[in-house]
Amino acid sequence: MTEPATPAPAPELRRAPPRRRQRHVLAGDFPPTRRRSIATAALLSGAAIALAVLFARERLYIWHWEVVPVSLPLLLRATWLTLQLSFLSVVLGIALGLVAGLARLSAEPVLRGAAVVYVELVRGTPLLVQIFIIYFFVAHQLQLSRFTAGVLALAFFAGAYVAEIFRAGIESIDPGQAEAARSLGMSHAQAMIYVILPQGLRRSIPPLAGQFMSLIKDSSLLSVIAIEELTQTGTMVVSRGLRSLEIWFTVAVLYLAITLSLALLARYLERRLGHA
Amino acid sequence: MPETRENDEIARSMPAGARRKAVGEALVAVRNVRKSFGAVEVLRDVSLDVWRGEVVVLVGRSGSGKSTLLRCLNHLETFDSGAVVIDGIALGERRVDVDRIRREVGMVFQSFNLFAHLTVLDNIALAPRIVRREPRAAAEKRARELLARVGIGEKESSYPRQLSGGQQQRVAIARALAMQPAVMLFDEPTSALDPEMIGEVLDVMRNLAESGMTMIVVTHEMGFAREVSDFVCFLDGGRIVESGTPRQVFDAPRDERTAAFLGQVLGGRAR
């Protein structure tokens with residue numbers, strides 16, 4: 001106890017000291033976003049170095065990184081396929097999600113009902129099961145290629161989540177915006193297109209980026225229908241008797257390259273459309 | 001215009017039924033409008049005429065139905081029975097082109113409701129471009145003229161959140177005027193403003209009234225009502241319990257509810 005047992009000091013003496021913004025020790029004076037990425041990078045590389053040192057000292061594992069360049073062409077080709085799969089299903093997923101999200105908000109009960117059924121069906125079942133159903137049933141009936149089936153499965157899955165993200169974004173816009181638009185004589189559709197959607201979609205960018213980062217990772221599940229994307233190719237390379245840890249680390253880095261670029265793109269887009 | 005005002009003076013001295021015959025069609029005619037939210041009756045048999053060039057002020061306690069009445073005039077709120085006719089277009093009929101009415105009626109909201117993602121200029125030019133299909137250059141030219149008229153010509157490329165409340169409300173007035181409405185509705189336009197910004201918005205409204213715009217204003221600014229309005233309606237419990245010229249209503253209220261309300265609002269000092 002350092003405080004003497006005196007009566008409470010006068011109010012003006014008890015004023016709290018002015019708040020000082022905390023600074024990250026490592027990151028110094030950088031702006032918040034920059035600070036965060038520096039902290040993340042520091043943390044990641046620290047963990048990697050610690051792991052490597054541990055493995056080397058205990059001789060738990062003898063690294064043979066020279067196998068990586070040998071299989072890199074194969075892995076890069078698979079990365080390109082993963083990129084294609086992801087890109088197409090993101091685009092299709094956005095379209096599907098926009099339609100389903102607007103249907104969910106529509107005054108028409110049939111449309112609304114259909115959107116609810118779609119969203120709940122997709123969110124309530126595992127993606128793996130959906131992939132099997134689309135590949136073995138839908139794609140088989142319609143004579144679709146493996147690749148098409150894969151894109152459809154991912155897009156169908158993503159669309160449901162995107163619909164909910166768009167709905168939340170649109171519903172978060174103050175009703176006064178729509179009232180102002182309507183009071184100027186805009187139709188419901190015009191108010192939606194020119195006033196509500198631009199603001200709602202911008203607000204949806206951060207959750208969308210997260211959703212699509214998961215989608216890119218989920219594309220690894222397409223290995224079960226033997227699409228030679230990154231994970232499937234990784235399995236193949238490892239099973240050919242090459243070193244497994246080196247390959248899986250490489251595969252992880254390749255996924256990271258895609259997802260982190262997407263995160264950066266999202267951040268750029270958000271800043272560019274930053275006036276909502 | 002002065003001739004119309006004179007006619008209106010004559011008209012107002014006549015019983016409600018005779019007025020319309022005396023001066024022809026009112027620009028805004030409200031007849032026996034009723035409206036309930038669930039079990040709560042917010043408008044009980046409200047009738048009101050507004051002639052071209054008039055400024056009509058609706059006053060009353062919160063919950064008296066004045067804002068609801070205003071919102072019924074451009075169909076932001078529907079009513080249960082009765083009729084509203086604006087510039088010859090009837091609102092309470094089964095199938096009316098609501099968008100057509102809304103183009104004739106400008107609305108200014110308490111919370112401004114500027115489009116947050118658009119610049120000031122685009123806020124004003126958007127509706128003329130997409131609703132009236134005006135070319136961009138023409139719409140923007142008029143938007144600039146309107147901005148100059150409300151005294152913030154230099155702010156055209158700012159975004160709403162960069163403006164003060166008073167500036168935002170002046171942009172909102174310009175935005176409504178850009179559609180060249182026949183009548184302007186103001187729903188407590190100064191209630192969300194800091195006291196030092198109320199004056200600049202009232203000045204714009206005063207100029208608008210002097211230019212001959214037909215205006216229906218819900219406000220608690222009794223000084224403005226007394227000075228600018230031609231006709232004052234006091235609402236209580238969903239009814240217009242007293243109406244007349246500002247002098248009649250403010251200086252010699254006949255209804256005790258009006259007197260009590262004015263006594264509270266003005267607090268004894270004549271603003």
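Because the structure is a prediction, the values reported are computed rather than measured. Just so it is clear: chains get the letters A, B, ... in the order the sequence lines come, proteins before strands, and each one is counted from 1.
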Filtered by a 4.5 Å non-hydrogen cutoff, the part of residues 178-196 of chain A contacting chain B is A:E179, A:A180, A:A181, A:R182, A:S183, A:L184, A:G185, A:M186, A:S187, A:Q190, A:Y194, A:V195
Check this for me: does any side-chain nitrogen of one of B:R149 and B:E145 sit under 4.0 Å from a carboxylate oxygen of the other? no
Could you tell me whether a side-chain N or O of B:N123 sits under 3.5 Å from a main-chain N or O of B:L118, the two making a donor and an acceptor? yes
Under 4.5 Å to a heavy atom of chain A? For B:L185 that would be neither
Assess, by modelled atom type and distance only, whether the side chains of A:S220 and A:Y255 contain a donor and an acceptor separated by less than 3.5 Å. no
May I have the step-by-step check of salt bridge (Lys or Arg N to Asp or Glu O under 4.0 Å) for B:K35 and B:E41, ending in yes or no? CA-CA 6 Å; B:K35 157 115 192 140; B:E41 260 195 301; over 6 Å; no
Return the option, out of B:M179, B:R175, B:R102, with the maximum number of heavy-atom pairs under 4.5 Å with chain A. B:R102
Checking side-chain contact (heavy atoms from CB on, under 4.5 Å) between B:E221 and each of B:I198, B:V59, B:V201, which is the one that passes? B:I198
Before accepting this row, confirm whether a basic side-chain N of the pair B:R144/B:E156 lies closer than 4.0 Å to the acidic partner's carboxylate O. yes
Provide the closest heavy-atom pair for A:E229 versus A:S219 in the form atom of the first, atom of the second, distance. OE1-O, 3.6 Å
With a 4.5 Å cut-off on side-chain heavy atoms, are B:F186 and B:L208 touching? yes
Side chain, backbone, both or neither of B:F109 within contact of chain A (heavy atoms, under 4.5 Å): side chain
Check ion pair B:D49-B:R31 (N to O, under 4.0 angstrom): yes
Looking at B:V108, B:L76, B:N113, B:N74, which has the largest count of heavy-atom pairs under 4.5 Å with chain A? B:N113
Any Lys/Arg nitrogen of B:D87 or B:R52 sitting under 4.0 Å from an Asp/Glu carboxylate oxygen of the other? yes
Which residues in residues 82-121 of chain A have a heavy atom less than 4.5 Å from any heavy atom of chain B? none
Residue pair B:E188 / B:T219, side-chain donor-acceptor N/O under 3.5 Å: no
